[in-house]
Peer 1: 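Got a structure here, written out as structure tokens. Questions coming.
Every chain is numbered from 1 and lettered A, B, ... according to where its sequence line falls, protein lines coming before strand lines.
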Amino acid sequence: MITAWIVISYIVGLAAVIDQVRRPASEWASADRNRSWWIGTTAVAAFFACGVFAALAYFIGVLPRFGQRDGIDEGFREKR
Amino acid sequence: VSYTVCTIREVGDGPDELADGLIYPVPLEQADSVAVEPRDGDDVKSLICTAVEIRIAGAKKPMLSVQKIRARVLLTDARLTFACSKFDKGGGWWGIGAGALVAIPANVGSKALAARRRRGKMLVGQIRYPWIKSVYAQNKGGWNAVKMLRVLVNAGGNQEFRVNLTLPSDVDATAAGTELIRRAAAFRLAHDEGEFGEEERARLTELASVDPLVWVKGTGQMAGEVFPTSWGPGEKTASFGLHGGERST
């Protein structure tokens, strides 16, 4: 049971971290959330088998804010 | 008139009179927004900055430094504005183990007090184009990316303000810098009251269609352009282009 919880915590935490990393900085700025803090906290929480809680906080507290328009003119976006 | 680039103002429905938005922009009820005026034109470009630092050029300490914020920056036909509703965030307490038990309520309390302090207020600032001395940008990438737009502003006398706007790492600061230079030069040319010499006019014409700024990695310098003339902030210089009593909205 404990092993299952740890594995699930790792998987969910890792999924949240991957989602956080792939979002551009302007989306985070627009959402008014600190990218480094969330990535660090989720990664550390996942390592200590609390990834589910951190991911939950991320999905509830941050993810909905990403949907809004970030208000950055397309001409100012870095071309990759 | 004392001008320090930005200030904290009460939010409202819009400017009550013409002079309201001349030196500092007028904040609106909507988060991070300011009232636009007819001079701003229809093609207003917007971006976000995550930190603002203002210092008298040469001074060791900044007059103002706000980090980890979300401020809306507008580039209009007449000025650059920025506005931040959540300029005072509170928090910053941390701890491990038992310390966390103190840090969590301390953060909650601190954030609640900050929210109370900033209620009905907004940090707003503007740089009208006649006041700009030079514009610079850098696009430092990588893990420690610093995308920055720097504007040197005539502060009157021999002084100048150095305004640094830090942009999100996926924003092209040189594109924003180029746009700012072009608009500022175009504004000055459009509102020339016969005070430019041939050389100044030629330089402004060049700047109005300047090639995109190119920041070169490893040089340790920002890319930018210097304007041939600038004016100190004041009601007169803030009124260029108002055409005798056009009203702000």
Peer 1: Decide if atom CD of Glu29(B) counts as having more than 12 heavy atoms of other residues, nucleotides or ligands within a radius under 6.0 Å.
Peer 2: yes

Peer 1: Between Arg70(B) (side chain) and Ser30(A) (backbone), is there a donor-acceptor pair under 3.5 Å?
Peer 2: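 Here the side-chain-to-backbone pair exists.
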
Peer 1: What distance separates Asn34(A) CG from Thr50(B) OG1, expressed to the nearest 0.5 Å?
Peer 2: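 It comes to 10.0 Å.
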
Peer 1: Can you tell which part of Leu75(B) gets under 4.5 Å to a heavy atom of chain A, answering side chain, backbone, both or neither?
Peer 2: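 Answer is side chain: those atoms of Leu75(B) sit under 4.5 Å from chain A.
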
Peer 1: Indicate the atoms forming the closest heavy-atom contact of Ile72(A) with Ile48(B), along with that distance.
Peer 2: CG1-N, 3.9 Å

Peer 1: What do you reckon, is CZ of Phe59(A) surrounded by more than 12 foreign heavy atoms closer than 6.0 Å?
Peer 2: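 Above 12, so yes.
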
Peer 1: Got a second to check how far Asp170(B)'s CG is from Phe76(A)'s CZ, nearest 0.5 Å?
Peer 2: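 Interatomic distance, Asp170(B) CG to Phe76(A) CZ, rounded to 0.5 Å: 13.5 Å.
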
Peer 1: Grab the two heavy atoms, one from Ala25(A) and one from Ser169(B), that are nearest each other, plus how far apart they are.
Peer 2: CB-OG, 3.1 Å

Peer 1: Could you give me the CA-CA distance, side-chain angles and deciding distance for Glu78(A) and Asn139(B), then say whether side-chain contact (heavy atoms from CB on, under 4.5 Å) is met?
Peer 2: CA-CA 9 Å; Glu78(A) 197 157 66; Asn139(B) 266 347; 4.2 Å; yes

Peer 1: Do Lys89(B) and Asp32(A) come close enough that some side-chain heavy atom pair is under 4.5 Å?
Peer 2: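 They are in side-chain contact.
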
Peer 1: If you round to the nearest 0.5 Å, how far is CZ of Arg35(A) from NZ of Lys68(B)?
Peer 2: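 So the NZ of Lys68(B) and the CZ of Arg35(A) are separated by 14.0 Å.
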
Peer 1: Within a reach of under 6.0 Å around CG of Asp43(B), are more than 12 heavy atoms found that belong to other residues, nucleotides or ligands?
Peer 2: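 More than 12 within 6.0 Å, yes.
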
